[in-house]
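These figures come from a predicted structure and were not determined experimentally. Just so it is clear: chains get the letters A, B, ... in the order the sequence lines come, proteins before strands, and each one is counted from 1.
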Amino acid sequence: MKKIFYILTLFLFKFNIAYSLIEVDITRGNLDPLPIAVSPLHVDPQSNNYQDVKTKELGELISSIVEKNFRSTGLFNPLNKDAFVQKPDIAHLKPRFEDWRLITAQALVTGKLLIKDEKLKIEFRLWDVAANKEMIALAFTTTPSNWRRVAHIISDKIYERLTGETGYFDTRIIYVSETGPRTQRIKKLAIMDQDGENTKYLTLGNELVLTPRFNPTNQLVTYLSYFRNLPRVYLLDIETGIQEVVGNFPGMTFAPRFSPDGKKIIMSFAEDGNSDIYTMDLESRLVERITEDSSIDTSPSYSPDGKYITFNSDRSGLQQIYIMKSDGSGVKRISFGDGLYGTPVWSPRGDLIAFTKVRGGKFYIGVMRSDGSGERLLTENFYQEAPSWSPNGRLLVFYRETKSGKKGEGFTARLWSIDITGYNERELKTETDASDPSWSSLLSK
Amino acid sequence: MKFNKNIKNLLIILVSTLALSACAAGKKSGVSTGDVYTGSDTIQYLASGVKDRVFFATNKSALTTASRDTLRKQASWMRKNKKLNVVLEGHGDERGTREYNLALAEKRANAARDYLLTYGISGKRISVISYGKEKPVNSASTPLAWSQNRRSVTVKTK
């Protein structure tokens with residue numbers, strides 16, 4: 001599935017490093033999103049058709065993806081195209097800034113594309129309308145069928161230039177698709193672009209599957225499968241579809257994740273009523289036991305440098321969050337608030353640990369620093385859990401179950417995302433009910 | 001006389017308290033003690049008088065007196081039917097995180113297994129599987145439904 005994707009990134013013009021007046025502060029909830037005009041990309045009339053790509057509409061399609069991405073951040077306010085005065089090709093050459101200022105745009109995106117010789121050539125520019133300056137000019141060449149990804153990469157480049165943070169639009173989310181009644185749920189692994197497009201199902205639904213997670217290069221997925229009614233951690237190569245059991249454990253293995261270098265899988269192994277944490281090296285197949293305690297130890301997650309592990313244990317009586325060194329030494333409890341804490345997952349930036357908290361019959365998604373200080377609850381609901389970080393560490397995706405009636409009528413399970421500021425909570429579009437999301441890293445680095 | 005009267009009063013209080021708590025927790029379909037299900041709605045029978053399942057308190061895997069009684073009956077049924085093997089299916093309710101529930105449900109099924117072992121059933125005849133909260137028997141979101149879902153079910157295998 002992972003198409004080899006060559007991007008020819010050319011700096012068309014000398015990169016303009018002059019300080020811009022536009023700056024988007026993403027550390028707070030943004031109540032005043034930046035007005036941005038995304039002009040449709042000009043389609044070169046010499047363009048050929050290519051397979052089922054709608055060449056004539058491609059300029060509009062790409063700009064609307066970019067717009068949708070920006071709107072989803074809550075940081076930008078893409079302006080209505082009806083008010084645009086300049087034609088796309090002319091705006092791309094030299095915008096008449098006063099026209100764009102008139103419609104309150106502070107930033108402007110322009111571009112053009114050409115499909116020729118089975119290649120898609122795209123260039124785009126970002127303009128600072130207030131300062132009358134070009135901020136970025138980039139060009140890509142790729143196969144035309146990759147046009148969606150190009151739209152996401154353009155979004156990432158603009159987001160990076162305006163916020164100073166790495167983008168997260170050229171990414172995928174793997175999750176568990178759910179259909180059927182609650183007592184007989186059919187679950188399949190599914191993968192989609194971060195904006196809900198391009199959904200593909202990776203398993204058929206013959207057996208229960210849970211908790212898929214990407215490896216750092218997004219080619220492999222580790223998950224729990226009940227294949228032949230034996231719950232075990234599996235490894236799936238997304239490109240080839242080949243699946244294999246991880247290790248040769250005599251009982252249930254579950255709660256898998258990759259180490260940050262992708263070389264190991266860390267997971268729980270349950271034996272005779274006791275769950276402990278183990279790792280398996282994918283190359284040498286060497287299995288190491290990390291915790292040895294009579295309590296339940298599960299949901300392990302490495303720090304991004306691989307030196308520490310955060311995990312969930314009830315050794316103090318009820319579910320709490322702990323950290324330890326990656327060899328299992330130096331175990332330290334870090335959650336001390338009211339209620340139960342589960343599903344700790346370390347931020348890709350290393351500073352925060354996201355978690356699920358259960359208190360007073362409500363479920364919360366929250367973050368705390370890795371020493372347990374600074375706990376902040378971002379969202380409260382009847383049932384929600386399993387946060388997964390966006391690759392830039394600014395958002396969490398999780399799933400939430402809702403019901404309209406007490407007897408379980410109107411049951412839905414959906415993916416949601418929220419900014420770590422606690423703002424910009426939104427439901428992600430999925431074809432079916434969905435749970436256990438895992439966010440990929442950036443596909444093009 | 002006086003003493004007897006006191007006892008009588010105490011009994012009346014006790015009975016009415018029990019009736020009240022039964023009403024609050026169980027309504028028509030069963031009753032709970034603490035939050036362990038003690039009704040019979042979802043129960044099936046492995047043989048006459050041999051219940052197929054035991055129930056647990058929230059976040060707990062300890063067997064109650066009633067559970068131990070059920071398991072002793074299962075053990076004696078298994079001793080009489082020497083060719084039968086069983087799988088113990090552990091379950092949790094929806095009010096917990098998925099991964100923790102998988103571990104907890106495994107612990108519950110193993111608590112039942114350990115009890116069968118102490119009553120002389122060979123470990124070779126018993127296997128264990130945890131379904132976490134993936135297979136609720138009652139999909140409602142009520143304390144009663146959750147108590148019915150926190151269970152270990154003994155299932156015959158061929």
Side-chain angles (χ1 to χ4, degrees), chain A residues 176 181-185 187 208 210-211 224 226 229-231 251-256 267-276 295-300 311-314 317-319 340-343 355-358 361 363 382-383 385-386 399 401-403 405-409 411 435-436, chain B residues 27 29 35 42 56-63 87-117 123 126-146 148-149 152 155 157:
Chain A
V176 173
R182 197 79 208 293
T183 47
Q184 287 167 304
R185 220 52 175 155
K187 299 199 176 191
L208 178 62
L210 302 168
T211 64
L224 172 59
Y226 277 71
N229 230 13
L230 296 170
M252 177 171 72
T253 46
F254 61 109
M267 63 200 143
S268 280
F269 165 48
E271 190 176 32
D272 299 334
N274 179 28
S275 293
D276 276 310
S295 64
I296 290 173
D297 293 342
T298 189
S299 301
F311 66 104
N312 199 195
S313 175
D314 62 4
L318 293 167
Q319 257 181 297
L340 309 182
Y341 293 79
T343 74
F355 56 83
T356 307
K357 176 170 178 160
V358 190
F363 281 67
F382 178 70
Y383 180 85
E385 70 150 314
Y399 82 95
E401 293 177 356
T402 51
K403 287 168 194 183
K406 276 226 150 194
K407 289 185 173 160
E409 319 91 290
F411 176 83
S435 60
D436 291 359
Chain B
K27 291 183 187 161
S29 44
D35 68 352
T42 58
F56 298 87
T58 303
N59 284 320
K60 296 280 185 275
S61 56
L63 299 172
V87 54
L88 303 182
E89 301 179 345
H91 298 270
D93 64 34
E94 63 173 5
R95 304 305 291 160
T97 54
R98 193 189 305 290
E99 292 176 335
Y100 184 80
N101 256 319
L102 284 168
L104 182 61
E106 199 264 352
K107 200 170 176 174
R108 284 173 176 157
N110 271 290
R113 179 179 185 268
D114 289 346
Y115 201 75
L116 292 177
L117 293 183
I126 310 167
S127 56
V128 160
I129 187 166
S130 167
Y131 287 110
K133 59 174 181 172
E134 306 306 317
K135 293 184 186 291
V137 70
N138 183 341
S139 59
S141 291
T142 58
L144 172 66
W146 299 330
Q148 290 174 342
N149 292 335
S152 169
V155 178
T157 54

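Side-chain contact between B:E134 and A:K187 is present, with heavy atoms from C-beta onward closer than 4.5 Å. Contact annotation: the side chain of B:K107 approaches that of A:I296 to within less than 4.5 Å [non-hydrogen atoms, C-beta and beyond]. Annotation: side chain of B:R98 is in contact with side chain of A:T211 (closest heavy-atom distance under 4.5 Å).
Neither the backbone nor the side chain of A:Q184 comes within contact range of chain B, judged by heavy atoms closer than 4.5 Å. Residue contact with chain A, scored on non-hydrogen atoms closer than 4.5 Å, involves the backbone and the side chain of B:A103 alike. Heavy atoms of A:Y399 lying under 4.5 Å from chain B belong exclusively to its side chain. Residue B:R113 touches chain A through its side chain alone, counting heavy-atom pairs closer than 4.5 Å. Proximity to chain A (any heavy atom under 4.5 Å) is shown, for B:L102, by both the backbone and the side chain. Contacts between B:V87 and chain A at a heavy-atom distance below 4.5 Å are absent for every atom of the residue.
Between chain B and the residues A:L224, A:L210, A:V358, the most heavy-atom pairs under 4.5 angstrom are made by A:L210. Put simply, of A:L230, A:D272, A:D297, A:D314, the one with the most heavy-atom pairs under 4.5 Å next to chain B is A:D272.
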Yes or no on side-chain hydrogen bond (donor to acceptor under 3.5 Å, both in side chains) for B:E99 and A:T298, after CA distance, side-chain angles and deciding distance? CA-CA 7 Å; B:E99 292 176 335; A:T298 189; 4.8 Å; no
Could you walk me through whether A:N229 and B:I129 pass the side-chain contact (heavy atoms from CB on, under 4.5 Å) check? CA-CA 8 Å; A:N229 230 13; B:I129 187 166; 3.8 Å; yes
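Across every non-hydrogen atom of B:S139 and A:T183, the tightest pair is CB-CG2, 4.3 Å.
Residues satisfying the side chain to side chain contact (heavy atoms under 4.5 Å, CB included) test with B:A105, not counting sequence neighbours, are B:S130. Applying the side chain to side chain contact (heavy atoms under 4.5 Å, CB included) test to B:N101 and every residue at least two apart in sequence or in another chain returns B:L104, B:K133.
Relative to the six-membered ring of A:F382, B:R95 meets both conditions, a distance below 6.0 Å and an angle of at most 45° to the axis.
Taking 4.0 Å as the cut-off between side-chain N and carboxylate O, B:E94 and A:R182 count as a salt-bridged pair.
Counting only distance, with no hydrogens or angles, the side chain of A:Q319 and the backbone of B:Y100 share no donor-acceptor pair below 3.5 Å.
Neither side chain, A:E385 nor B:T97, offers a donor N or O lying under 3.5 Å from an acceptor on the other.
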